[in-house]
2 protein chains.
Amino acid sequence: MAMVSIKDVAAHAGVSPGTVSNVLNRPGKVAPATRERVEAAINELGFVRHGSASTLRAGHSRTIGLSVIDIGNPFFTEVAAGVEDVASELGYAVILGNSAGSPDKEDRNLRVLAEHRVRGVLITPSGEDPARLDRLREHGISVVLVDHPAHRPDQCAVAVDDVAGGRAAVAHLLARGARSVAYVTGPMTIRQCVERREGAKAAVRAAGLDPGDLRVTEAATMTARAGEKAAADLIAAGLPEAIFCANDLLALGVLRALLRSGVRVPEDVALIGYDDIDFAAASTVSLSSMRQPTYQLGRIATELLLDECDNPDTHAHQHIMFQPELIARESTH
Amino acid sequence: MAMVSIKDVAAHAGVSPGTVSNVLNRPGKVAPATRERVEAAINELGFVRHGSASTLRAGHSRTIGLSVIDIGNPFFTEVAAGVEDVASELGYAVILGNSAGSPDKEDRNLRVLAEHRVRGVLITPSGEDPARLDRLREHGISVVLVDHPAHRPDQCAVAVDDVAGGRAAVAHLLARGARSVAYVTGPMTIRQCVERREGAKAAVRAAGLDPGDLRVTEAATMTARAGEKAAADLIAAGLPEAIFCANDLLALGVLRALLRSGVRVPEDVALIGYDDIDFAAASTVSLSSMRQPTYQLGRIATELLLDECDNPDTHAHQHIMFQPELIARESTH
DNA sequence: GCTTGGAAGTAAAACGTTTCTATAGCCGGG
DNA sequence: CCCGGCTATAGAAACGTTTTACTTCCAAGC
C-alpha cells in the first residue's frame with residue numbers, strides 16, 4: 001500500500017516536484033546529472049505515476065475505447081488485435097466494450113468511456129443513431145467508425161463494401177447454376193446485414209430473376225447456434241438450392257445442421273458465408289466466404305484515430321472503403 | 001468541448017457542489033426535492049462525471065484489468081466474455097491487455113494497469129514470475145489468477161486441472177489402441193503446456209509404456225499456423241499412431257496439414273485437442289477435445305476479484321480447481 | 001564592471017471530484 | 001419558550017499531477 005508520490009521522489013532526490021514531472025514528461029529540459037538522480041530515486045522507491053492525477057491536470061489521457069458488437073466473433077477479435085497492436089506501439093491503453101448487439105449495453109459502455117475521458121473511441125455501431133456518437137464528440141472525444149461508413153464528413157471511417165460483397169457472394173452462387181437462393185441474416189438493425197441483402201438482391205436481379213424471390217431468414221443473433229436454428233427452419237419450409245449467410249458463424253451453424261440432417265453440401269445445397277474467419281477453411285466442408293482485411297481494419301482505424309488525437313491541426317479526415325474478396329472453397333464447388 | 005463540471009451543475013440547481021456529489025454517490029442522503037432538482041440540472045447540462053478526478057480523490061477506480069495470452073484464441077475470448085458480463089453487471093469497466101505470449105508485453109500492460117490505478121487485475125500469466133504480480137499487490141491492486149493455480153495462499157485463483165486433462169486425453173488415445181503418441185505443444189514457458197505434458201506422460205506410464213517415448217514437438221506459438229508446421233515436421237520424421245495437441249488451434253492446424261498430405265484421421269492417425277472451442281465440433285473431421293468451463297472461469301474469477309475489492313473484510317480467498325471433461329468425436333473414433 | 005540572456009530549477013496554482021466538519025433550520029419534549 | 005438532537009446542506013480541504021511564472025546563477029558581450 002506504499003503510495004509513493006512525485007513528492008516523495010522529489011524529496012528523495014533533493015529536487016522539487018516540478019523537476020520530477022519534467023524528468024517524466026520532458027527529459028530534455030533537465031540537466032543530465034539531476035535527471036539521473038531523479039531516475040535513481042524513481043526506481044529505488046518503486047514510483048508509479050498516478051494516471052488519474054495526470055489525466056485530470058493535463059486534460060487528456062492516453063487511453064482509447066473500442067466498442068464491438070460481439071467479442072466472441074473471430075472477425076472482431078482480429079480487428080481488436082490490430083487495434084491493440086497499434087495502440088500499444090504508441091503507448092495507448094485500450095478499454096474494451098462488448099455491446100453484444102444491444103444498443104443499451106453499447107450506450108452504457110460509451111458512458112463509461114466518456115467518464116474515463118478516453119482520448120478517442122473506435123466503434124462498430126450496433127444501431128443507426130449517430131446522435132450518441134455526436135454527444136461524445138461534444139465532450140472532445142474523437143470517434144472513428146470501424147466497419148461502418150461515416151455518418152458525417154468531419155469524421156474518419158474505415159469500412160468494407162458490403163453491398164459489393166453481398167452481390168459477389170450471390171453472383172457466385174448463381175453462376176454455379178442455383179436458381180433459388182436463401183439469405184440467412186442477423187438482425188436487420190445491423191447495417192451490414194441490410195447492405196449484404198441489398199447486394200444479394202442486386203445479384204438476383206442482374207441474373208434476370210425476381211429479387212423478391214430471395215428468401216430471407218432472420219436469426220436473432222449472428223452465432224453458430226442461431227445458424228443451426230435457421231437451417232432447421234429452412235429444412236422445414238423446403239430447402240433452396242443455395243444459401244448465403246451474413247457471416248461465417250451463421251454459415252458454420254447452418255452447415256452443421258444441414259449435414260446432421262443428411263443434406264449434402266454442396267451437392268444438395270451450396271453454401272457461402274462472410275468474413276472468411278480462420279475456421280472457415282478448416283470446417284467439415286470447407287466454407288466459401290467473402291474475405292475482408294480484418295486485421296488491417298483495426299490497424300488503420302487506430303492509426304487514424306491516434307493521428308486525429310495527436311496531430312489535430314494536420315489531421316485530414318478519411319473515409320476508407322475496402323473491397324471484399326471472394327474465396328471459393330468446397331461448399332460451393 | 002463543453003466541459004460541464006459539478007460546479008456548473010451545482011450553480012444551475014442552486015445547491016453546493018458537495019450536494020451534487022451526494023446525489024451522485026449517496027442519493028439516500030439528500031432530500032427528494034433537491035435530488036430531483038439536481039438530476040434535472042445534470043440532464044439539462046449533459047454533465048458527465050470526470051472519472052479521473054473521482055478516482056484521484058476517492059483513491060480507487062471502478063475499473064479492472066484483464067491480461068490474457070492470446071486474444072485470438074477463442075478460449076480467451078470466452079473467458080473475456082465471462083469477465084465482461086460480470087464486470088458490467090457490477091458497473092466496472094474492463095481494460096484489456098493482450099500479452100501475445102511475450103512477458104515483455106505483459107509487463108508493459110501491467111504497468112499501464114498500475115498507472116490507471118485499476119481496482120484489480122485478472123491475469124493468465126504467461127511466465128512464472130510471481131514477483132511482478134506481488135509488486136501490483138504492493139500498490140493495493142488485487143490480483144486473481146485465471147486458468148492458473150495460486151502463487152500464494154492470500155490470493156484467489158481459478159484453474160482447471162491440466163495434469164488430469166493431459167492424462168485423460170492420452171489415456172483416451174491409448175485406450176483406442178495407439179502405442180505411439182506425439183505431443184504437439186506450445187512454448188514450454190507456458191505452464192499449461194508443461195502440466196498437460198506431465199499428465200500425458202503419466203498416462204503413458206500407466207499403460208505400461210515408457211514415458212520417454214512420448215514424442216514432444218514444441219511449436220513457437222499456439223496457433224493453427226504453428227500446428228501446420230508441427231505436423232509437417234512429424235510427417236517428415238515419421239508419423240505416430242496418435243497425436244495430442246496442447247490446444248485446439250494447434251490441433252486444427254495439424255488436422256489441416258495431415259489431410260492435405262493425404263493422411264487419414266482417425267484411420268491413420270488419431271488426434272485430440274484441448275479447450276473444446278466451438279470450432280472443434282465443426283471442423284473437417286470433428287475434433288475430440290478436453291472441454292473446460294471457459295466462460296465460467298471468467299465469471300467466477302471476476303466475481304472473486306470484485307468481492308475482494310468491494311468486501312475486503314469478509315472476503316475469503318479461494319483456490320478453485322475445475323476438472324476438464326473428455327469430448328470424444330470423429331478424430332478419435 | 002555591468003548588463004543581458006539563457007539554462008536549471010523552484011514555488012504555487014490549478015484540474016474536478018469526494019469527504020470531513022460545520023452550520024442552519026426544524027421539530028418535539030420538557 | 002428553550003434546548004437537545006436531528007436532518008439537509010454548505011464550505012473547504014485534499015487527492016497527485018502538470019504547468020506557468022518566477023528566481024537564481026553563471027557566462028558572454030560590450
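Residue numbering restarts at 1 for every chain, and letters A, B, ... go by the order of the sequence lines. All heavy atoms count here, side chains included; hydrogens, waters and symmetry mates do not.
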Handout entry: Student check: side-chain heavy atoms of A:Leu133 and A:Leu110 closer than 4.5 Å
Key = yes
Between the protein and nucleotides 7-12 of chain C, list every N/O to N/O distance that falls short of 3.5 Å.
unit_1, atom_1, unit_2, atom_2, d
C:dG9, OP1, A:Thr34, OG1, 2.3
C:dG9, OP2, A:Ala31, N, 3.1
C:dG9, OP2, A:Thr34, OG1, 3.4
C:dT10, OP2, A:Ser16, N, 2.8
C:dT10, OP2, A:Ser16, OG, 3.1
C:dT10, OP2, A:Thr19, OG1, 2.7

Practice task
Please tell me if the side chains of B:Val146 and B:Ile123 come closer than 4.5 Å, counting only heavy atoms from C-beta onward.
Solution key: no
Practice task
May I have all residue pairs that pass ring-ring contact (aromatic ring centres under 6.0 Å, His included) and include part of residues 303-322 of chain B, sequence neighbours excluded?
Solution key: B:His315-B:His317
Handout entry: Between B:His148 and B:Glu128: side-chain donor-acceptor atoms closer than 3.5 Å
Key = yes
Exercise for the section: Any chance you could measure A:His116, atom NE2, to B:Arg49, atom CZ, to the nearest 0.5 Å? Expected result: 10.5 Å
Exercise for the section: Identify, between A:Ser52 and A:His60, the residue whose nearest nucleotide on DNA chain D lies closer to the 5' end. Expected result: A:Ser52
Practice task
Nearest whole angstrom, please: distance from the P of C:dA14 to the CG of A:Leu56.
Solution key: 14 Å
Exercise for the section: Give a yes/no answer on whether the side chain of A:Arg57 brings an N or O atom under 4.0 Å of OP1 or OP2 in C:dA13. Expected result: no
Exercise for the section: Have a look at A:Ser21 and say if it touches a base, only the backbone sugar-phosphate, or nothing, with a 4.0 Å heavy-atom cut-off. Expected result: base
Fill in the blank from the handout: B:Arg62 CZ to C:dT18 P, in whole Å, measures 12 Å
Exercise for the section: List the atom of A:Ala87, the atom of A:Ile64, and the distance in Å for their closest heavy-atom pair. Expected result: CB-CD1, 4.2 Å
Completion exercise
Nearest heavy-atom contact between A:Ser61 and A:Thr55 is CB-OG1, 3.5 Å
Exercise for the section: List the steps, then state whether salt bridge (charged side-chain N to carboxylate O under 4.0 Å, His left out) holds for A:Glu106 with A:Arg132. Expected result: CA-CA 10 Å; A:Glu106 185 176 280; A:Arg132 299 167 311 148; 2.8 Å; yes
Problem - chain A contact limits on DNA chain D, taken 5' to 3' with a cut-off of 4.0 angstrom to heavy atoms - result: D:dG16 to D:dT19
